[in-house]
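Structure first, then comments.
In listed order, ligands and their atoms are each counted from 1. If you're wondering where the values come from, they're calculated on a predicted model, not measured in any experiment. The first residue in the sequence is number 1, and the count goes up from there.
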Amino acid sequence: MQRVLLVEDEPAIADTLVYALETECFEVTHALTGGDGLAAFARQPFDLVVLDIGLPDMTGLDVCRQLRASHSVPVLFLTARDGEMDRILGLELGGDDYVTKPFSPREIVARVRAILRRTGGTALPPPPAGTSNGSPQPFHHDPASMRVHCHGTPLDLTAHEYKLLLVLLGKPGRVFTRDQLLDQAWEDPGAVTDRTIDAHIKSIRAKMRAVRPGAEEAIQTRRGLGYVMVISH
Ligand code: CA
């Protein structure tokens, strides 16, 4: 069962969210203040934090900053105003997301699922038996730090490059069309084009090649179809 920490000072909102998340089989801990939220986080690990920006003792952004000092847990921000949204967008939204109030509990549950799928939920398939002896996987995903390592070196990827690579790595051997990659790696697929995918793939390949020449060949182009991750040992 995945654990969610909800930090929200308005009881009515908190109650509906706790109910909605628990109905979907998440284990929820609710804190009314930023201080209580940080204390709860210090006591036990969580898979995701749902964080209100307007808290009585400190802002949600401050809470996030303190969490991030020691953890890379994904955060879903709840914002009340557009002004708050601008400040969130100023952050590096690696595995994070935000929702503007008023929202429906269903929307929150959907976002929580999407974030977990992108981050902790997209664990790579375990290496086939025997590969640990002398022939390691060329790629390793560390959900906690939201990094993909290539031959032991972390790739310095943008948020979209990271998401794209995770989609491909999640199903080696499967060909993904550009539309499928857009759907899975972009929040708002309508805002970008096929060419955007090509540009991001090119950049990911360049970063792999910088780590080890030839590593970029793991992402293969299937002309007229899309891209596929081919992992050879
Ligand atoms: Ca509030």
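Using a 4.0 Å cut-off between a side-chain N of Lys or Arg and a carboxylate O of Asp or Glu, Asp198 and Arg195 do not qualify as a salt bridge.
In summary, no N, O or S atom of Ile53 is located under 3.0 Å from the Ca ion (ligand 1).
The Ca ion (ligand 1) lies closest to atom OD1 when only the N/O/S atoms of Asp9 are considered. Among heteroatoms of the N, O or S kind in Asp52, OD2 lies nearest the Ca ion (ligand 1).
A salt bridge (charged side-chain N to carboxylate O under 4.0 Å, His left out) with Glu161 is found for exactly one of Lys207, Arg205, Lys202, Arg147, namely Lys207. Applying the side-chain contact (heavy atoms from CB on, under 4.5 Å) test between Leu5 and each of Leu48, Asp36, Thr29 identifies Thr29 as the sole match.
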Show the numbers, then the answer: is there a side-chain contact (heavy atoms from CB on, under 4.5 Å) between Asp47 and Val4?
CA-CA 6 Å; Asp47 297 295; Val4 173; 6.0 Å; no
